[in-house]
Amino acid sequence: EQEGLSSHWHTSVLLKGFLYGPNGNNSEGAGRSPTSLRCLDWKTGEIKWSEPKLGFNGLISVGGKLLVLTEMGDLVLVEASPDGYKELGLAHIIEGRTFTAPVFAGGKVYARNTKGDVVSVDMRGK
């Protein structure tokens, strides 16, 4: 047991012995609760880093990297490393609030907001 990672809705991602996931509870609404993306050592539970800039988020692993969709509709590509948070790219891809993890299929990323709007972003060749 540990208290270093408290995911409200989303599942974390385990890569090479490190757990990456959203930390915090979004019950207070957008931007009102201290939420972040965190990296923990899977064996010890030690917090390696925490990035509050991403707020409440859902994530998946694609090609050994993290693909994070923030509550406010930003898609962020993050290096999966325990050495620190390293953002590789960011784009605002959908309006409205999002509470789902992105989906990656056929070289495209799909995201959905709370109104039911869906967007597709072609990542082939990027």
Side-chain angles (χ1 to χ4, degrees):
E1 291 185 26
Q2 57 80 27
E3 296 181 17
L5 188 61
S6 174
S7 296
H8 184 192
W9 288 337
H10 295 291
T11 305
S12 299
V13 173
L14 180 63
L15 290 170
K16 298 181 182 176
F18 294 92
L19 191 63
Y20 301 88
N23 180 64
N25 185 324
N26 193 44
S27 61
E28 296 178 20
R32 294 190 202 108
S33 179
T35 54
S36 63
L37 177 65
R38 275 201 176 159
C39 172
L40 272 73
D41 184 302
W42 173 250
K43 290 182 181 176
T44 67
E46 175 190 2
I47 298 170
K48 302 304 281 182
W49 54 261
S50 186
E51 178 53 58
K53 168 186 168 182
L54 299 181
F56 191 71
N57 60 81
L59 72 153
I60 58 174
S61 172
V62 176
K65 294 178 176 53
L66 305 173
L67 196 56
V68 183
L69 182 63
T70 72
E71 178 181 359
M72 303 313 287
D74 294 328
L75 185 66
V76 187
L77 184 62
V78 177
E79 187 71 43
S81 170
D83 297 331
Y85 174 80
K86 182 177 180 187
E87 189 174 294
L88 303 173
L90 180 144
H92 186 75
I93 63 166
I94 191 166
E95 295 300 321
R97 294 173 72 190
T98 62
F99 292 118
T100 59
V103 172
F104 184 80
K108 295 181 181 181
V109 175
Y110 299 88
R112 179 179 59 86
N113 65 18
T114 57
K115 294 183 283 183
D117 301 326
V118 177
V119 296
S120 171
V121 179
D122 192 339
M123 301 291 285
R124 292 175 288 197
K126 295 194 171 41

Shared hydrophobic cluster for Ile94 and Val62 (ILVMFWY, side-chain gaps under 4.5 Å):
yes
Could you report the tightest heavy-atom contact between Val109 and Pro102, atom names first, then the distance?
CG1-CB, 3.9 Å
Set of residues satisfying ring pair (Phe, Tyr, Trp, His ring centres under 6.0 Å) with respect to Phe18, sequence neighbours excluded:
none
Checking side chain to side chain contact (heavy atoms under 4.5 Å, CB included) for the pair Leu77/Leu67: CA distance, chi angles, key distance, verdict?
CA-CA 5 Å; Leu77 184 62; Leu67 196 56; 4.1 Å; yes
Taking the side chain as every heavy atom from C-beta outward, state whether Glu71 and Phe99 have any pair of such atoms under 4.5 Å apart.
yes
Of all heavy-atom pairs between Pro82 and Cys39, which one has the smallest distance, and what is that distance?
CA-SG, 3.8 Å
Looking at every heavy atom in both Trp49 and Leu37, which two are closest together, and how far apart are they?
CZ3-O, 3.6 Å
For residues 60-82, which residue pairs pass the ring-ring contact (aromatic ring centres under 6.0 Å, His included) check, not counting sequence neighbours?
none
Going by side-chain contact (heavy atoms from CB on, under 4.5 Å), name the residues that satisfy it together with Lys16, two or more places apart in sequence or in a different chain.
none
Salt bridge (Lys or Arg N to Asp or Glu O under 4.0 Å) with Lys48: which residues, sequence neighbours excluded?
Glu46
Using side chain to side chain contact (heavy atoms under 4.5 Å, CB included), reason through Arg97 and Lys115 one step at a time and then give a plain yes or no.
CA-CA 8 Å; Arg97 294 173 72 190; Lys115 294 183 283 183; over 6 Å; no
Tell me which pairs pass salt bridge (Lys or Arg N to Asp or Glu O under 4.0 Å) where either residue lies in residues 73-83, with sequence neighbours left out.
none
Closest approach of Asp122 to Gly107 (non-hydrogen atoms, all atoms of both residues)
OD1-O, 3.6 Å
Give the C-alpha distance, both sets of side-chain angles, the deciding distance and a yes or no for side chain to side chain contact (heavy atoms under 4.5 Å, CB included) between Tyr85 and Leu54.
CA-CA 11 Å; Tyr85 174 80; Leu54 299 181; 3.7 Å; yes
Between atom CG of Leu15 and atom OG of Ser81, what is the distance when rounded to the nearest 0.5 Å?
11.0 Å
Single-linkage hydrophobic cluster, 4.5 Å side-chain cutoff, Val76 and Val103 together:
no
Who are the side chain to side chain donor-acceptor pair (under 3.5 Å) partners of Tyr110, not counting sequence neighbours?
none
Testing the basics here: between Arg112 and Thr98, what is the closest heavy-atom pair and its distance to 0.1 Å?
O-CG2, 3.5 Å
Check side chain to side chain donor-acceptor pair (under 3.5 Å) between Glu95 and all other residues, then give those that pass, not counting sequence neighbours.
His92
Test of understanding: with side-chain contact (heavy atoms from CB on, under 4.5 Å), list the residues that count as partners of Ile93, not counting sequence neighbours.
Leu69, Leu75, Ala91, Ala111, Val119, Val121
Pair listing, side chain to side chain donor-acceptor pair (under 3.5 Å) test, anchored in residues 51-63, at least two apart:
Lys53-Glu87
Residue pairs meeting ring-ring contact (aromatic ring centres under 6.0 Å, His included), one or both in residues 57-80, sequence neighbours left out, come to none
What closest approach, in Å, do Val78 and Leu88 show between heavy atoms, and which atom pair accounts for it?
C-CD1, 4.2 Å
Listed partners of Lys86 passing salt bridge (Lys or Arg N to Asp or Glu O under 4.0 Å), at least two apart
none
